[in-house]
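These numbers were taken from a predicted model, which means no experiment stands behind them. By convention here, the first residue in the shown sequence is residue 1.
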Amino acid sequence: MEGCTHYLAMVLVQLIYAGSYILIKLSLQDGLNQIVFVVYRHVLGMVLIGPFAYVLERKQRPSLSFSAAANIFLLALLGPTIFMNLYCAGLAYTTATVGTALSNVIPALTFLMAVLLRMEKLKIRSARGQAKVAGTVFCICGSLIFTFWKGGHLLKGVEKPLINVYDAEKYIGKTKRVHENWIKGSALILISHSAWSAWLILQGVVSKVYPAPLSLTTIMCFFASLQSSFLALFLARNPSSWRLEWNVQLLTIVYFGVLNTALVYYLQAWCISHKGPVFAAMFTPLPVVIVAVFSAIAFAERLHLGSLIGALIIIVGLYCVLWGKRKDGLFAEHTEIEKVTVDDNKVVEIYMNEISVVNPVTKGET
């Protein structure tokens, strides 16, 4: 049972992600302002994580210099602010299935940025290097197919939605005013994922300068709240959009604040510390299947042939990149072991040479 704990934890993480994709789509259709959502979510996350960061990282937390604060501010701008606002804007024009499937391009985009910034070594003549390049190309091509080619209807789902959280007339009115635009929505989501990939790259740099993950997350949530609040001065000035009621909008904010910001962060950090980042990334395609099946059954969403083909290509590309990264890790471990062995042999050789020099003198004296 102990060996299955990490697998169960990562499955739980992906189930939480799948639920978040569905909830945010429902809330946006119900009238939730995306900027208000980003502000409330990160305020709640800051309140939840802050006490743990203060108590658990009191001794290891470094002083916050101006340079570190500026980097964390940029980190908050790329991730929570730009990513979340663009993602919500794109999701308003498309479906939760599209938003979930396109998230699989993040590993490839992150790898491509790391190579361009020379943070990732790429040996194109090796099998692992070719796998990473091919996987990156597959992910990009798959995302383009998913975005621009809808194809025929593969699965219609059910005739009548099993879950309908809105008043019918109100929902139909909104559907007429906001038509689905897959290309526009998918393009916004892809741009948001590019910002998220840049956030991942910058986070690797900032975490070395400020090695206190809970405190880092708390400060980042604080900056994200300020940034989105500034945007709200221009884009969300209607006081009614800030009023919360007991509905799906409040559920979404609490869900994201408690689960996505607090629980998921801890579970991912715990699994990565024991199994490594490749293990955690291997579960990324799981929400695609969960959201697609759930949306087709519960909300009568139509799955398109082009969407299925694009999603499959993205998943194949994702696993090619992960396979190459895994081989890189094994090669690095093997190289380190050989280096240690060579160093140990040199120490033994020097020690034996010293003995061979000292022994004749000792024998002579005897």
For this session: List the steps and the verdict of side-chain contact (heavy atoms from CB on, under 4.5 Å) for Leu23 and Val248.
Result: CA-CA 8 Å; Leu23 276 178; Val248 69; 4.1 Å; yes

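- One hydrophobic cluster, built from ILVMFWY side chains closer than 4.5 Å, cannot hold both Phe73 and Phe66; they sit in different ones.
- Leu86 contributes atom CG, which lies 8.0 Å from atom CD of Gln34 (distance to the nearest 0.5 angstrom).
- Two residues are said to be in side-chain contact when any heavy atoms from C-beta on lie closer than 4.5 Å; Trp199 and Pro80 meet this criterion.
- Considering OG of Ser194 and CD1 of Ile189, their distance stands at 12.0 Å, rounded to 0.5 Å.
- Between Tyr40 and Trp242, the angle of the ring planes goes over 60°, which puts this pair in the perpendicular group of the 30/60° scheme.
- For Asn85 against Thr81, the heavy-atom pair with the smallest separation is ND2-O, 2.6 Å.
- The environment of CZ in Phe223 is crowded: more than 12 heavy-atom neighbours from other residues, nucleotides or ligands sit within 6.0 Å.
- Residues Pro62 and Pro211 come closest through the heavy atom pair CG-CD, 3.9 Å.
- In this structure, His42 and Cys221 approach most closely via the heavy-atom pair O-CB, 3.5 Å.
- With contacts defined as side-chain heavy-atom distances shorter than 4.5 Å, the pair Glu57/Phe52 does not qualify.
- Side-chain atoms of Asn71 and Leu75, non-hydrogen and from C-beta on, never get closer than 4.5 Å to each other.
- For Arg58 and Tyr54, the positive end sits near the middle of the six-membered ring, less than 6.0 Å away and at most 45° from its axis.
- Within the 4.5 Å cutoff, the side chain of Ser27 has no heavy atoms near those of the Phe37 side chain.
- The shortest side-chain heavy-atom distance between Asp30 and Leu26 does not fall under the 4.5 Å cut-off.
- Annotation for Ala76 and Met220: closest pair CB-O, 3.5 Å, computed over non-hydrogen atoms.
- Here CD of Gln249 is found 9.5 Å from CG of Asn33. Values are rounded to the nearest 0.5 Å.
- The two residues Ser241 and Val36 come nearest to each other via the heavy atoms O-CG1, 3.6 Å.
- With a 4.5 Å cut-off on side-chain heavy atoms, Phe256 and Leu44 do not count as touching.
- Looking only at side-chain heavy atoms (C-beta outward), Leu77 and Ile82 come within less than 4.5 Å of each other.
- The heavy-atom pair separating Ala195 from Leu78 by the smallest distance is CB-O, 3.6 Å.
- Taking CG of Leu259 as the reference point, atom CG of Leu48 lies at 10.0 Å (rounded to 0.5 Å).
- With rounding to the nearest 0.5 angstrom, the CG atom of Leu116 is 8.5 Å from the CE atom of Met113.
- By the criterion of side-chain heavy atoms lying less than 4.5 angstrom apart, applied directly or through intervening Ile, Leu, Val, Met, Phe, Trp or Tyr residues, Val209 is not grouped with Ile72; the two fall into different hydrophobic clusters.
- Scanning for side chain to side chain contact (heavy atoms under 4.5 Å, CB included) contacts around Tyr17 gives Val13, Gln14, Ser20, Tyr21, Asn260, Val264, Gln268, Pro287, with sequence neighbours left out.
- Under the 4.5 Å side-chain criterion, counting only non-hydrogen atoms from C-beta, Tyr255 is in contact with Ile16.
- Between atom CG of residue Leu250 and atom CG of residue Leu32 there is a gap of 10.0 Å, rounded to the nearest 0.5 Å.
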